[in-house]
2 protein chains.
Amino acid sequence: MAKQIKIKEIAKMAGVSAGTVDRIIHNRGHVSPESQAAVEQALAETGYKYNLHTSAISLKREYSLIITIPTAVEGEYWGFVQKGIEHALEEYSDIAIDHSYAFYNQFDIFSCKSAFERIPDMKPSAVLIGATFASETRILCRRLEDAGIPYAFVDSVIEDTHPSVSYSSDQNICGRIVGRLLNLMTPRDSELAIFSTRRIGNERALNSMARMTGLHAYFKGIKSRRVIKESKVSVIEPATSRKDILDFLQKNPDVKGIAVLNSRGYILADTLAKNGINDVKVVTFDLTVNNMRCIQDGTISAIIGQRPELQGFHAVKAMLRILLYNIKEKDAHHLMPTDIIIKENLPVYKEIFID
Amino acid sequence: MAKQIKIKEIAKMAGVSAGTVDRIIHNRGHVSPESQAAVEQALAETGYKYNLHTSAISLKREYSLIITIPTAVEGEYWGFVQKGIEHALEEYSDIAIDHSYAFYNQFDIFSCKSAFERIPDMKPSAVLIGATFASETRILCRRLEDAGIPYAFVDSVIEDTHPSVSYSSDQNICGRIVGRLLNLMTPRDSELAIFSTRRIGNERALNSMARMTGLHAYFKGIKSRRVIKESKVSVIEPATSRKDILDFLQKNPDVKGIAVLNSRGYILADTLAKNGINDVKVVTFDLTVNNMRCIQDGTISAIIGQRPELQGFHAVKAMLRILLYNIKEKDAHHLMPTDIIIKENLPVYKEIFID
DNA sequence: AGTAAATTTGTGCACGTACACGAGTGTTGT
DNA sequence: ACAACACTCGTGTACGTGCACAAATTTACT
């Protein structure tokens, strides 16, 4: 095992004291250019890695982290994101991190606005954003930037912002996967349909749009001539959408595969099952408890998973790296793996392997 | 954030010194029954969690870890396992862990025997085993148990042994997935074939067997009448198997889907491509560089991934938990997720997210 | 009872880093 | 030339735990 280089050794190499090295590592300033250069060279030469363990115990600053995401419900997408966040915070529980959540209703822009408005005034050390409404998010980011507060994105990235780091999935790829799966699972001469969420200025809808683009791109890529109907049914609440779903299927009897481009595939699946329709394959997003149940039943054929826990987990860890050590990565945008979950491998996806 | 309870506070509660608490936590003995009881009660009341960070820095013992796995080649299965192992060791690099590898040839039982024989004499603190040959492994485990040396399994678990922990995939599930995928990707009236590795007393072959069982189970479960040929072609070396492969296909022209139940699917795929056969779908195992290339080419349709890095990573972490803190888990056998990788999601699987 | 031995218990130092404080150096203005 | 100031830099202490060693207590035996 390679011996760890310690701050004192760096100090000796650079001909300065340990305190100076510390100042440089933490970007605290008050260091002469010569010392800076000498130490940086020593750091580079030795490939110094700060010892997180000891640095944690001697840390005296207190950090406050605000996490603003759509209301996290256990067993649903944002619930898993929160789980990952909590997991990371627990791992760093010996650092004084005061964290608080600012939840908002992902279908109500006003709840988002009022949640976002208060954040900069609370003067947090950093903010974790699960964005839904692009314009509101941009305003928040702008204010955070002005205040010098770093922020990170989970789940999606908003254009024209400058997050320290982001963890999300490539929604276009997700859409392509859905395309391929539906194409495989349905007869060549049958039609396909897309159910998605439509809301203007809603980033969730932007996710859906990217997925849709990917799906169409897949069929274009394989030069398929299959008919793909875009339903205007908004699959959000079971009660309201049930009738719309049945209407749609009655009008489009050749549709044998449906992509639900949000996480509400179970609503469609349940409706189909209740009405004895079992020759229509459903593919949807996110390993929520309801969707998992449908996979097990066989009413949903495949789920695209995006590792929400891992996104929350890594976002927090990255934020702490930035807060504690000002470590900036080259490429701050991380794409998470896109998992394909079917009945057979569902059980082994239930145990979550973060950290 | 809940305040951490420290050893000193426990000591005060129990009316003893910190040293005594330390002795009890580490089972060092030399403690009176009264102190023992008092401290244990205090520990239970407060739900004390040792601080891994600080304990690591003050740790003075040296640990030695032997990792005995099939020769790790970069970009192949065991190479990824090793990557995960190294990653975990790096995370704990402030603990004095002396680790060494005892590689063996997974196709040569004598190399395995001679690698295993030496291990107990080296008196390691713990051993990590990537098992291939069941009987040899059993002998090793037996000797380790007699010497009181804990050991862990990665990739596969051998019957009649008592590992402290294991990280592996459910091979039966893997086989079922392959079954479903091939069934989806090929015409209903076409035949399927299985290529696998056959070696008596070879656990790699046992893995193959479990996969085969799972595959057949899938087709039985859906009451399919498809013909599944079991080829005796051993897909190990490109040169030797090429002719056999072509012979097989010539004799079985209706085979349109082939499951290669080891990680050498690329050999079959390359052979098919070179001979202009592009209507036979191939599914195989493990995200090796060669298989990834074939996925990208489209010559392999799907790969089953088993998260080898994560297996190595977690196995080491679990071993260290056991060595350092004697933490025994309830259920020591962990099943890793079984990923389905196709052309579309291959890019996002390339970045590995361990820890 | 008195002493030696055995056992339990407390104390102090070390680990590597963070950060406050004060010492040291240089610069500017009168 | 000297004071006042700005800035850089080194020293010392604290963090929570592991572990060696010494101190205190109990036990055993003459």
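Order of the sequence lines sets the chain letters (A, B, ...), proteins ahead of strands, with each chain counted from 1. Everything numeric here is computed off the predicted structure, so don't read it as measured data.
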Determine: side-chain N/O of [X] to OP1/OP2 of [N], distance under 4.0 Å, yes or no.
{"X": "A:H30", "N": "D:dT8", "value": "yes"}
{"X": "B:S32", "N": "C:dT9", "value": "yes"}
{"X": "A:H26", "N": "C:dA18", "value": "yes"}
{"X": "A:Y48", "N": "C:dG16", "value": "no"}

Judged by each residue's nearest nucleotide on DNA chain C, which is more toward the 5′ side, B:S35 or A:D22?
B:S35
Residue closer to the 5' end of DNA chain C, B:K60 versus A:T54 (nearest nucleotide)
B:K60
Please tell me which of B:I57 and B:R23 maps to the more 5' nucleotide of DNA chain D, matching each residue to the nucleotide holding its nearest heavy atom.
B:I57
Could you tell me whether the side chain of A:S55 has a donor or acceptor atom within less than 3.5 Å of a complementary atom in the base of C:dT17?
no
Of the nucleotides C:dA18, D:dG18, C:dG10, which one has an atom closest to the side chain of B:S58?
D:dG18
Just compare C:dT9, D:dC9, C:dT17 and give me whichever is closest to any side-chain atom of A:S17.
D:dC9
Where the side chain of B:S64 meets the backbone of B:S125, is there a donor-acceptor pair that is under 3.5 Å apart?
yes
Are any of the side-chain nitrogens in B:K83 or B:E86 under 4.0 Å away from the carboxylate oxygens of its partner?
no
Output yes when A:D160 and A:R142 qualify as a salt bridge under the 4.0 Å nitrogen-oxygen rule, no when they do not.
no
Applying side chain to side chain donor-acceptor pair (under 3.5 Å), run through A:T161 and A:Y151 and close with a yes or a no.
CA-CA 10 Å; A:T161 60; A:Y151 58 91; 4.5 Å; no
Reckon B:R28 touches a base, only the sugar-phosphate, or nothing at all at heavy-atom distances under 4.0 Å?
sugar-phosphate
